[in-house]
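As structure tokens, the structure follows; a few thoughts come after it.
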Amino acid sequence: MTVETKTTFCRICEPLCGMIATVEDGKLLSLRPDKENPASSGFSCQKGIAFADVHNDPDRLITPMRRTPSGEFEPVDWDTAMADIAERVRAIHRAHGSGALGWYFGNPGAFSYSHVLWLLMLSLGFGSRLHLFTAGSQDINSRFVASQLLYGNSVTMPIPDIPRTDLLVVIGANPVVSHGSGVTIPRIRDHMKAVVKRGGRVLVIDPRRTETAADFEWLGIAPDGDAFLLLSLLQVMFEEGLIDRARLAEQASGAAWLEQLARPFTPESTQEHTGIDPGAVRQLARDLVVADRSVVYGRVGTCLGQNGTLTTYLLDVVNLAAGNLGRAGGSMFGSLGMPGERFAMKAVGALLGSVYRRRRSRIGGFPSVLASEPAGIMAKEITTPGRGQIRALFVGAGNPVLSVPNGNELEAAFAQLDLMVGIDLYVNETLAHCDYVLPATTMYERDDFMIPFAMLRPAPFRQVTEAVTAPAGQARQEWQIIDDLTSRLGDLTPGLRLIEGMRRTLAVFGSRLQPRLFVDALIRLSEGGDRFRLRRRGLTFDRLSHEYPHGKVLAEHLPEVPLSHSVSYLNGRVRLQHKDIETEVASLVARTHDPRFPMRLIGMREARSENSWMHNVPMLMRGGRVQRALIHAYDADRLGVATDDLLTINSAQGEIEVPAQVSKDILPGVVAVPHGWGHRRRAGWNTANANPGANVNLLMSSEPDDLEALAGMARLNGVPVRIQRA
Ligand SMILES: Nc1nc2c(c(=O)[nH]1)N[C@H]1C(S)=C(S)[C@@H](COP(=O)(O)OP(=O)(O)OC[C@H]3O[C@@H](n4cnc5c(=O)[nH]c(N)nc54)[C@H](O)[C@@H]3O)O[C@H]1N2
Ligand SMILES: Nc1nc2c(c(=O)[nH]1)N[C@H]1C(S)=C(S)[C@@H](COP(=O)(O)OP(=O)(O)OC[C@H]3O[C@@H](n4cnc5c(=O)[nH]c(N)nc54)[C@H](O)[C@@H]3O)O[C@H]1N2
Ligand code: SF4
Ligand SMILES: [Mo]
């Protein structure tokens, strides 16, 4: 018997906490937080530790499976499965073209560089007509579009410099539970506590007195009222002369237009939409400007409303107006520190901008965000006849039946597909519909380096990990599966022929086309890298792995550079004026109210869930844990409801039943329901199915008119509902 410990890091959520894996005879025994990781220094949450039970779950899929005519799954060998899948893709492509193929890329996929890179390769191989859907239209695409408008680049991401700020205003995020999103700061709660300890403030603006609000100051806001609040903050800043106009004119174009836009939104006029006292809004506007270093930060709560792109745009504009954009202790921009990066970012920004403006989805005419379409229209892309109708769908690391609006519509649509293939750790509610389900490795069965998150750290840091164990059973990495598929289809399209050519050329030199080549190059070229041996002690993937297993801190803080360095527009100035923003402001003002649905539904993340996929771990389900709908005592009294009574929640779209939790930690008129529940017997996770809960997204609309206009965001927060005792 050999017992080893291996240093690695967790990739369930964004802080990427350092972990120590104990491995016995090649089997993952347990996980514990890594005290020597300089960023997370001994922190991990319960999910991170419980992941060993996902890894070793008896319900885990470790053999490829094929659906039989009777509807059951039977094991099949990889070669038979891949040969049949490739043959069917080939036939569909021959008959209908690339537009007949769809791919849904779920959230855990973003935590694997090799999965991302090889999916990118596949989509280049099939050309621009492949339908790509991601979890982003239920998450962060509004952030990308706001950045495209403001900075001329979708991937330019502002991050709150929490370690150096004096006033942090959190609008629509719950970092104490989520551990931070859109920013990678391990121990984020400690960093927020440190703001207060050094005499600063943390203010949480949220319809619910969340775990984060309970730790700091709370200001309640009516769901989806944020754009009104932010416009009022701007109105006050302009009216009271709080803005340094010379600086604003230097950093941005369109200031006069912005002033006009904000002018009607006095705090008195927006109070009916926000529920916030005008005096408090004025004070907040002054505080943001007067504080030496302040930052407004928002995430899922501001991205997923009716006007998520506008709201996200306004968050940044408030930071800009207060003089805190691109400043230490304000909202900053990370970079990889590569030679020529600023120039490359301008090119990338221009390309993404033109894709955004030019490519439109077949259904609803939505712009393309990082080459993807809104997942909300996926069902209709499958069922609507015509050129570009999807006939084959791949789902990798996702569970859209539970995570996107109107899963019922999606399930019905799947029945029309000629081919459906899933790649996952489990047969989840979505994969239950597949013709083939293919077993993926877990994160501890693959090497990794987190490309997107490397740019989201206020303290630049690099860490890589090797695989901690060999793959269980016949599990394979996603990139290997994609690689197998593309090489079987190497003659199908010009793009695939090009990839096949590269593969053959490298083989001549005894090398293999694989994602690690690319990520190693990225590490070598970026800050701290060896620049291909130009720097003697510089970093490579292997050196990080051998010499810095716990990770390497590159700098304590981000460098302060002129804001123009982070802007991809040629003139280096933030662009405020956009017709689309004007249209969104007009739609904000024109919002209507349906008296049949007087309450507002919001989401609620739970410490022991990760979206839909950790409910099969007994350790996380202990104590008779169930999904509950949180309502205020005032509403409970009015409706004659007590905790544990079953509630019926209706929206214009659907109906669910969930037991109530009565509380004072939420505004009256608001109901909060966690997503990711609604497990079914059809899916292959036994613990989760025993305590299924309800799919809150059955209340959400997938009608194109109901998706947010600029980014195709599903409207998952502030949804009008009616509740009553079941
Ligand atoms: N434990 C746990 N951690 C997670 C996840 C998980 O499922 N469980 N999921 C991960 C993922 S995929 C993500 S994207 C991140 C998300 O990270 P966060 O965005 O920090 O997490 P949420 O809990 O969704 O926070 C959204 C907050 O917005 C509030 N809110 C809702 N509507 C409104 C509104 O209209 N206005 C305002 N001001 N607030 C509103 C909600 O009450 C909630 O507190 O978390 C990640 N981390
Ligand atoms: N109402 C409401 N709905 C929401 C949200 C909300 O706040 N409210 N949040 C939205 C957000 S932010 C997100 S990110 C989405 C998530 O939406 P999805 O990504 O569609 O769904 P998940 O529940 O994260 O499912 C992830 C799947 O990946 C599998 N998996 C885990 N690790 C791996 C791996 O390494 N490889 C492979 N191949 N599979 C793996 C899991 O078993 C699981 O089946 O949900 C969205 N839906
Ligand atoms: S906070 Fe996120 S990254 Fe850290 S241990 Fe928990 S799940 Fe893993
Ligand atoms: Mo997410």
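Every number for a ligand or one of its atoms is a count from 1 in the order of the listing. Note that the structure is predicted; figures quoted are calculated from it, not measured.
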Using a 4.0 Å heavy-atom cut-off, which part of [X] comes near ligand 1: side chain, backbone, both, or neither?
X: N174; result: both
X: N611; result: both
X: T302; result: neither
X: I602; result: side chain

Please could you name the atoms of ligand 1 that [X] approaches to less than 4.0 Å, counting only its heavy atoms?
X: D139; answer: 14 (S)
X: T210; answer: 44 (O)
X: V300; answer: 14 (S), 16 (C), 19 (O), 24 (O)
X: V177; answer: 1 (N), 2 (C), 3 (N)
X: I171; answer: 38 (N)
X: A607; answer: 1 (N)
X: P223; answer: 35 (O)
X: I221; answer: 38 (N)

Mind checking whether H115 and F105 have parallel, tilted or perpendicular rings, split at 30° and 60°? perpendicular
Anything under 30° is parallel, anything over 60° is perpendicular, the rest tilted; go ahead and classify F265 against F228.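 Rings of F265 and F228: tilted, as their planes differ by 30° to 60°.
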So which heavy atom in the protein is nearest [atom], and how far is it from that ligand atom?
atom: atom 33 (C) of ligand 1; result: G301 O, 3.6 Å
atom: atom 37 (C) of ligand 1; result: D226 OD1, 3.4 Å
atom: atom 8 (N) of ligand 1; result: S609 O, 2.7 Å
atom: atom 3 (N) of ligand 1; result: K47 NZ, 3.3 Å
atom: atom 20 (O) of ligand 1; result: S178 OG, 2.7 Å
atom: atom 32 (N) of ligand 1; result: N717 CG, 3.4 Å
atom: atom 10 (C) of ligand 1; result: E610 OE2, 3.5 Å
atom: atom 42 (O) of ligand 1; result: D206 OD1, 2.7 Å

Checking side chain to side chain donor-acceptor pair (under 3.5 Å) for the pair S154/S147: CA distance, chi angles, key distance, verdict? CA-CA 5 Å; S154 314; S147 289; over 6 Å; no
State, without any angle test, whether H615 and N691 hold a side-chain donor-acceptor pair at a distance under 3.5 Å.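 H615 vs N691: no donor-acceptor pair found between side chains.
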Would you say D226 and T302 are linked by a side-chain donor-acceptor pair, where the criterion is simply a distance under 3.5 Å?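 T302 vs D226: no donor-acceptor pair found between side chains.
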Should [X] be counted as touching ligand 1, given the test is an N or O pair under 3.5 Å?
X: I205; result: yes
X: C13; result: no
X: A222; result: no
X: D224; result: yes
X: E14; result: no

State whether [X] and [Y] are salt-bridged, where the test is any N-O pair (Lys NZ or Arg NE/NH1/NH2 against Asp/Glu carboxylate O) under 4.0 Å.
X: K47; Y: D53; answer: no
X: D190; Y: R187; answer: yes
X: K552; Y: E36; answer: no
X: D448; Y: R11; answer: yes
X: E211; Y: R208; answer: yes
X: E708; Y: R715; answer: no
X: E606; Y: R625; answer: yes

Just to be careful: counting only protein atoms that are N, O or S, how many fall under 2.8 Å of atom 8 (Fe) of ligand 3?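 N, O or S atoms of the protein closer than 2.8 Å: 1.
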What distance do S294 atom OG and L167 atom CG have between them, rounded to the nearest 0.5 Å?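 One gets 5.0 Å once the value is rounded to the nearest 0.5 Å.
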Show your working on salt bridge (Lys or Arg N to Asp or Glu O under 4.0 Å) between E584 and R591 and close with a plain yes or no. CA-CA 11 Å; E584 280 295 284; R591 277 187 192 174; over 6 Å; no
Side-chain contact test, heavy atoms from C-beta onward, threshold under 4.5 Å: evaluate it for V404 versus N697 and give yes or no.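 Answer no - side chains too far apart.
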Please determine whether any non-hydrogen atom of [X] lies less than 4.0 Å from an atom of ligand 1.
X: H179; answer: no
X: P207; answer: yes
X: E606; answer: yes

Output yes when a side-chain donor or acceptor of T210 lies under 3.5 Å from a complementary backbone atom of A213, and no otherwise. yes
Side chain N428, main chain G398, donor-acceptor under 3.5 Å: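 Such a contact is found between N428 side chain and G398 backbone.
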Looking at Y444, does the NZ or CZ of R446 lie under 6.0 angstrom from its six-membered ring centre and within 45 degrees of the ring axis? no
Report yes or no: is the cationic atom of R189 (NZ for Lys, CZ for Arg) closer than 6.0 Å to the six-membered ring centre of F216, at no more than 45° off its axis? no
Across all chains, not counting sequence neighbours, the ring pair (Phe, Tyr, Trp, His ring centres under 6.0 Å) partners of W685 are Y426, H679
